[in-house]
Amino acid sequence: MNKVAILYICTGKYVVFWKDFFDSYEKFFLPHSEKHYYVFTDADEIYREQECERIHKIYQQPLDWPDSTLMRFHIFLGIREELQQYDYIFFMNANCQAMDTITEEEFLPGDKELLVVPHLAFWGKTNLEYTYDRNPKSTAYIPKGEGRYYICGGVNGGKTQAFLTLMEELRHNIDVDKKNGQLALWHDESHINHYIIGRNDYRILTPAYCYPEGKESEFPMKILIRDKSKWIPVDSIKNQGFVKMMKFYLKKVKDKIKIILGRN
Ligand code: UDP
């Protein structure tokens, strides 16, 4: 039986998605594999963690947006040694929900190394329309005219060694960007799109496996990406980092004014 590690982050309010994620993946996802869930969270207790020994909860402090998503490879590589025991590793966004049976034959990479899913929004479009990172200073940069697919950051994985190698390279690229003061346009998604350019060792599915809630399409709904805004205040979560930075500068200005007034 295949051993599969599922990597899942739910810090802060994102923990609300864990119950439906877990129940739906237990019911539908890779029914003939032994699935282990690595849940990186700051929640005190998560659904079923006491009963199910395949749930491995690991404390993760909440990070500001976009580090909460961008730093995922750094976070996962913290358990690199433990992950070596698995045949496959998959990352799933917190708001994924399996909607129908997803067999090993249809989802595992087979004779390829990695598994990726095209983004529905760019299906049937040309690569000039893809929102790749076009900033040459970023390690996620893709020149115009290159690239076959625009893949989604929310569902991906592969054979263990191949996915560990991907994570190591992207962790390195993200560190380089940070050192150079760069931030890839769509964070981890831009980096993973850059990673697959020029490779042929990945299996690509259809947008059925990353199906945004509320969208019409010809594809069956296999993995639903739930509309977060129905459950959590997405905008305020994503503005938190910006607000913190503004508060910091405002305090600096206030301190300066106090000093000037004091001097007067
Ligand atoms: N995430 C989290 N806590 C946060 C923000 C993000 O756990 O405060 C994780 C979660 O796994 C989420 C992923 O980062 O699915 C990507 O974030 P989000 O879905 O908001 O990004 P989007 O896919 O909308 O760009």
Side-chain angles (χ1 to χ4, degrees), residues 5-22 24-25 29 37-47 49 55-79 89-99 116-122 130-133 138 140 150-157 163 166-167 170-171 174 177 183-194 207 209-215 223-245:
I6 296 170
L7 305 178
Y8 185 90
I9 309 181
C10 58
T11 57
K13 296 198 183 319
Y14 281 68
V15 72
V16 71
F17 298 113
W18 165 247
K19 180 181 183 298
D20 291 340
F21 174 86
F22 177 74
S24 69
Y25 274 65
F29 188 62
Y37 300 82
Y38 285 85
V39 185
F40 296 81
T41 183
D42 57 328
D44 289 336
E45 192 164 347
I46 56 169
Y47 172 69
E49 70 165 298
I55 297 176
H56 311 275
K57 192 179 83 172
I58 297 164
Y59 178 76
Q60 175 58 48
Q61 67 173 87
L63 302 174
D64 287 337
W65 182 262
D67 279 355
S68 44
T69 185
L70 181 66
M71 298 305 280
R72 66 177 64 166
F73 308 112
H74 297 67
I75 292 170
F76 299 147
L77 286 167
I79 57 159
I89 303 174
F90 293 105
F91 168 78
M92 300 285 159
N93 255 4
N95 54 328
C96 286
Q97 188 172 338
M99 303 300 283
V116 294
V117 179
H119 203 302
L120 180 64
F122 301 98
Y130 295 169
T131 54
Y132 286 152
D133 192 313
S138 164
Y150 188 90
I151 61 161
C152 69
V155 176
N156 45 64
F163 198 62
L166 174 151
M167 292 200 285
L170 297 195
R171 176 178 65 177
I174 290 162
D177 276 3
L183 176 65
L185 181 63
W186 292 110
H187 319 119
D188 45 278
E189 186 167 276
S190 298
H191 283 284
I192 200 164
N193 270 286
H194 177 267
Y209 301 85
C210 202
Y211 193 117
E213 183 175 349
K215 295 274 185 266
I223 297 178
L224 176 70
I225 305 296
R226 300 168 74 191
D227 181 352
K228 294 185 290 282
S229 64
K230 289 185 180 167
W231 300 87
I232 57 174
V234 185
D235 289 343
S236 79
I237 291 170
K238 295 192 178 180
N239 284 333
Q240 259 166 23
F242 179 71
V243 170
K244 261 192 188 169
M245 192 176 74

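In each ligand, atom 1 is the first atom listed, and ligand 1 is the first ligand listed.
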- Kindly identify the option in G154, C96, S68, P212 whose heavy atom sits closest to atom 5 (C) of ligand 1. S68
- Item | Test log, rule side-chain contact (heavy atoms from CB on, under 4.5 Å), inputs I89 and L7 | CA-CA 7 Å; I89 303 174; L7 305 178; 3.5 Å; yes
- Where's the contact between H187 and ligand 1, heavy-atom distance under 4.0 Å: side chain, backbone, both or neither? neither
- Atoms of ligand 1 under 4.0 Å from any heavy atom of C10, numbered from 1 in the order shown, are 7 (O)
- Query: Under 3.5 Å, N or O to N or O, is W65 touching ligand 1 that way?
  - Reply: no
- Query: Heavy-atom distance to atom 25 (O) of ligand 1: which of K238, E189, Q60 wins?
  - Reply: K238
- Message: Quick check: Y37 with Y25 (ring centres under 6.0 Å apart)?
- Response: no
- Any sub-3.5 Å donor-acceptor pair from K57's side-chain atoms to D44's backbone N or O? yes
- Item | Location of contacts on I237 toward ligand 1, heavy atoms closer than 4.0 Å | side chain
- Non-hydrogen side-chain atoms of T41 and Q60 separated by less than 4.5 Å: no
- Query: In terms of atom number and element, which parts of ligand 1 are under 4.0 angstrom from non-hydrogen atoms of I9?
  - Reply: 7 (O), 10 (C), 11 (O)
- Message: Taking distance alone, with N or O pairs closer than 3.5 Å, would you say F91 contacts ligand 1?
- Response: no
- Query: To the nearest 0.1 Å, how far is atom 20 (O) of ligand 1 from its closest protein heavy atom, and which atom is that?
  - Reply: Y14 OH, 2.5 Å
- Item | Heavy-atom nearest neighbour in the protein, as seen from atom 2 (C) of ligand 1, with distance rounded to 0.1 Å | T11 OG1, 3.4 Å
- Note on the structure: atom 13 (C) of ligand 1 sits nearest the protein heavy atom N93 OD1, 3.5 Å
- Based purely on interatomic distance, does R72 place a nitrogen or oxygen under 3.5 Å from a nitrogen or oxygen of ligand 1? no
- Query: Is ligand 1 under 4.0 Å from a heavy atom in the side chain of K13, in the backbone, in both, or in neither?
  - Reply: neither
- Item | K228 neighbourhood, listing ligand 1 atoms whose heavy-atom distance to it stays under 4.0 Å | 18 (P), 19 (O), 20 (O), 22 (P), 24 (O)
- Query: Would one find more than 12 heavy atoms of other residues, nucleotides or ligands at under 6.0 Å from atom CH2 of W18?
  - Reply: yes
- Message: Could you tell me if D177 and S138 have a donor-acceptor pair between their side chains, going purely by distance under 3.5 Å?
- Response: yes
- Query: With a 4.5 Å limit on heavy-atom distance, are the side chains of I192 and L170 in contact?
  - Reply: yes
- Query: For R226, which residues count as a salt bridge (Lys or Arg N to Asp or Glu O under 4.0 Å) partner, sequence neighbours excluded?
  - Reply: D20
- Query: Which one of Y150, Y130, W186 satisfies the ring pair (Phe, Tyr, Trp, His ring centres under 6.0 Å) criterion with H119?
  - Reply: Y150
- Is the closest N or O pair between A94 and ligand 1 shorter than 3.5 Å? yes
- Query: Taking F76 as the fixed residue, which of F163, Y38, F40 is the one that meets the ring pair (Phe, Tyr, Trp, His ring centres under 6.0 Å) rule?
  - Reply: F40
